[in-house]
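Each remark here refers to the structure printed beneath this line.
Just the heavy atoms: all of them, side chains too, but no hydrogens, waters or symmetry mates, feed the values below.
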Amino acid sequence: MVSITTDYISVGGNRHPAAADWDVQTGVLAFGADNNVALWDPRESSLRGVYALLVGHTDKVSAVRFYTCPTTGEKFLLTGSVDRTLRLWRANSDDKRQFSLAQTLEGHTGSVNTLAIADGTDVVVSGAADGSVKIWRIASQEGCQSELLQTITLKPRFFPLALALTRLQKEANGSPLVLAVAGTTNVIQLYTAESTVVNFDMKLSAVLSGHEAWVRSLSFTHDKNSKVGDLLLASASQDKYIRLWRFHRGVVTPSLPQDDEDTMIAGLEPTLQNKAHQLQTAGSTYSVTFEALLFGNEDWIYTTAWNPNSERQQLLSASADNTLTIWEQDLVSGVWISAERMGEISVQKGSTTATGSTGGFWIGLWAPDGKGVVSLGRTGSWRIWNYDEAADFWLQSLGITGHVRSVNGVQWESTGGYLMSTSADQTTRLHAQWLRADSGSWHEFSRPQIHGYDLNCVDTLGPARFVSGADEKLLRVFNEPKPIAQMLGKLSGFRPSNDDELPDTAQIPVLGLSNQALGDEAPVDVEGNGPDGPEMVHTQGNQTLLADADRPPLEDQLARHTLWPEHEKLYGHGYEISAVVASHDRTLIATACKASSIDHAVIRLYSTSDWREIRPSLTAHSLTITSLSFAKDDRYLLSVGRDRQWAVFCRSDQDPSTFSLFASNPKGHSRMILDAAWAPAIDNAIFATAGRDKSIKIWQREEDTFVCKSTVPLKTSISAISFYPQSQQNSFVLAAGEDSGEVSIYQIAVDSLEPKHLASVDRRLSPSKTITQLVWRPSTEKDEEEASKRKFELAVASEDTSMRVYAISNIFS
């Protein structure tokens, strides 16, 4: 029986402040990743990263909350999405860290922006871009039941961006609930319900004013310093301030200023007024007063969260100014101060992504024990800081990274040493295994290219060079820097033979697109007073840190210090690059671009010895060429395109740099062909094509043409195919990826070319959108029998922003 497991999932988080939650009981952190929900345990010792993606939503996931049923203790995960639905995922009874879809809640007519759950109750609140807040009751007895208790239409109309729900009294089970609602307005609305059981009806009880811009986040806690159980509400806004509000049972008379002069505090008179608001509920009166103004951030504040540790009253805020701040109340003066700041220094503000700006933190979350924090940045990466009590210091540790838009291309280094991925998020990333004595885990080791255009394709040119194509009409070739090579050698055991010849790491000029190597052109004088002096010294220090590192780089280092210097630009195309492939002997690069006419639907060849274009261009197609592939011995070059045809070009024996059209089939498929691949056949020329007509065709050379020998029908359009680079037990292994995200494995007999279905990846382990590319990891074992015993590894790129590595074993058992 074929066994398929997921070795690695690389995926970035959605930039939505409500799209993540860290569960106190299981330690699982769930976050929105495009239209999937990613599950990750940040405290796991194996550091395997994301271990599962929940597939169900049809659009981006924008809100995530864990929920425990108060009567049965069952664990659920509640997610909201731009697809206007809420989905309830039930924890599996045998493994509480795995979830399966239990129910879909419908009713909202706009994108779901935020969720709120009160601990110890079965009440859940959702807010959406339809200007409404819906209150649900979720019970897990007799299956999973949910009912809509109430819909609140917000007046005056605004979109809710933040919700907070809690009991007014900490200990009392029958205590009335209070709901705080805020969003695209500068006020906070408070709703209360008389009872949580009978005639559930929440009514507007008070409106808190003071903020001067949209309110982004709300968070309740019970004041640990209060003897009468006061509540504290933290509200964070785009006005760069956090306000704290105190909820007190009974009537409070605010202290009034002695005279008119005291009302002006640094010109902030309207900001600091202290009006007492009254809440009447369940026969009791509660007073809400303004408690404190927390300032120090230089940009919008996206999230606030109270420390779950009952002993420490700390507030965590995440801001667009690249900082995570922990606020504490000074016990002597009662003043709230910024006790700790983590993240970037604000000097970097305004700089481009290329020069290292992370673009702000969108989410800040506490670890379940209150001794760690995580944050999600603009690049989709999660950072972790853990509190070292002995040193009284917050120490950053290894987080997870991933693409935040469609992953358009993946490619293994020619010996399988590392994996490159490139994406519409304008980055190219290098992934490798971090090998330790007792375990191994996959991580991003370098971000060789941070670009200004969406990247479409990538191929490697040996162990220390790659070429990529983007929406900018030209291709760029990059060389691996020495510190990255040394780090890969040390941590993953992959070492190119000639690392003495490698350049230093690159930097991007502030107004440039090209990664420049740090060379002799920027000298530093003794005092470091040159124009680039201090920066140069700083960068060289970071190169040493990378080369000597005992773990993969952190996000700060990836974004700034792991660029590869650009070696060459390849010009010629008139439109966005659609395909690139390097010959197996690494002497040629073949490329194509998007085209709607014969003039642009050409294949351009470049020599890697002098980087010049080999003319004339190869012509056969009339529309965009979607895929290019060299035969194993580089004798043939295969192209397929949107014009439904394939073409095979043959290499000249006299001049190895020239190709001529050998054969073509204008009706290769009945609809556009999306991918093609050569089988690893030495004696015989065999290739496969796949396309929009939901079929894979196997073609074999007969005299001066290629004939279709067999067809594999599938359920949806086939967008990617790949042959394992060695034949196994007198057969070829072919992987196919579909528009639906399904991945299947086929055995093709060498003699008859008859296909046999071996296995399909479980839908729960598959991507949820189109597969963009599949690549088998090359095997270094020459012996076919030995190679067939090892596990086969398949890299899969998808439009759902994920890049995965599957381990496939027992293929022929």
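- When the side-chain hydrogen bond (donor to acceptor under 3.5 Å, both in side chains) test is applied to Asp41, the partners found at least two apart in sequence or on another chain are Arg97.
- Note that CG of Asp454 and CD of Gln426 are 5.0 Å apart. Values are rounded to the nearest 0.5 Å.
- A donor-acceptor pair shorter than 3.5 Å cannot be found between the side chains of Ser81 and Ser62.
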Notebook entry, point to check: Going through the distances and angles, do Leu398 and His443 end up as a side chain to side chain contact (heavy atoms under 4.5 Å, CB included)?
Noted result: CA-CA 9 Å; Leu398 199 58; His443 301 272; 3.5 Å; yes

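- At least one side-chain heavy atom of Phe66 sits less than 4.5 Å from a side-chain heavy atom of Val28.
- With a 4.5 Å cut-off on side-chain heavy atoms, Val404 and Thr801 do not count as touching.
- Ion pairing of Arg383 with Asp556 is present here, as a side-chain N (NZ or NE/NH1/NH2) and a carboxylate O approach within less than 4.0 Å.
- Taking the centre and axis of the six-membered ring of Phe290, the NZ or CZ atom of Arg243 falls inside the cone set by 45° and 6.0 Å.
- Met202 is listed as a side-chain neighbour of Leu177, based on a closest heavy-atom distance under 4.5 Å.
- With a 4.5 Å cut-off on side-chain heavy atoms, Thr121 and Arg167 count as touching.
- Classification of Glu555 and Arg447 as a salt-bridged pair holds, one side-chain N sitting under 4.0 Å from a carboxylate O.
- Each of Val178, Asp119, Val125, Val181 was checked for a side chain to side chain contact (heavy atoms under 4.5 Å, CB included) with Leu165, and the lone residue meeting it is Val125.
- Applying the salt bridge (charged side-chain N to carboxylate O under 4.0 Å, His left out) test to Arg65 and every residue at least two apart in sequence or in another chain returns Asp21.
- Look at Arg43 and Asp369 and you find a salt bridge, because one of the NZ, NE, NH1 or NH2 atoms lies within 4.0 Å of a carboxylate O, short of that distance.
- Residue Leu163 forms a side chain to side chain contact (heavy atoms under 4.5 Å, CB included) with just one option from Leu115, Asn113, Thr114, and that option is Thr114.
- With sequence neighbours excluded, the residues satisfying side-chain contact (heavy atoms from CB on, under 4.5 Å) with Ala390 are Asp388.
- Using a cutoff of 4.0 Å between basic side-chain nitrogens and carboxylate oxygens, Asp223 and Arg246 are scored as salt-bridged.
- Side chains of Tyr387 and Asp392: a donor-acceptor N/O pair is present below 3.5 angstrom, by distance only.
- Inspection of the Ser397 and Asn386 side chains reveals an N or O donor paired with an N or O acceptor under 3.5 Å.
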Note to self: Test side chain to side chain contact (heavy atoms under 4.5 Å, CB included) on Arg312 and Glu328; report intermediate values, then the result.
What the structure shows: CA-CA 9 Å; Arg312 309 194 77 159; Glu328 283 180 352; 4.0 Å; yes

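- Of the possible donor and acceptor atoms, one in the side chain of Ser237 sits under 3.5 Å from a partner among the backbone N and O of Asp239.
- Checked by atom type, the side-chain pair Ser132/Thr153 shows no donor-acceptor distance below 3.5 Å.
- Side-chain contact check for Ser235 versus Trp245: some heavy-atom pair is nearer than 4.5 Å.
- Ring pair Trp306/Phe220: centre-to-centre distance not below 6.0 Å.
- The closest side-chain heavy-atom distance from Gln169 to Arg249 is below 4.5 Å.
- In this structure, Tyr286 and Ser284 have side chains that are in contact, with non-hydrogen atoms separated by less than 4.5 Å.
- At a cut-off of 3.5 Å, with distance as the only test, no side-chain donor of Ser10 or His403 sits close to an acceptor on the other residue.
- Using a 4.0 Å cut-off between charged side-chain N and carboxylate O, Glu311 and Lys224 make no salt bridge.
- Taking the charged nitrogens against the carboxylate oxygens, Arg429 and Asp425 do have a contact shorter than 4.0 Å, which makes a salt bridge.
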Next item on the list: Take Trp382 and Phe31 through the ring pair (Phe, Tyr, Trp, His ring centres under 6.0 Å) test and state the conclusion after the steps.
Entry: CA-CA 10 Å; Trp382 286 93; Phe31 63 92; 5.3 Å; yes

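- Counting only distance, with no hydrogens or angles, the side chain of Arg216 and the backbone of Tyr302 share no donor-acceptor pair below 3.5 Å.
- Residues Leu279 and Val288 have side chains in contact (heavy-atom distance under 4.5 Å, counting atoms from C-beta outward).
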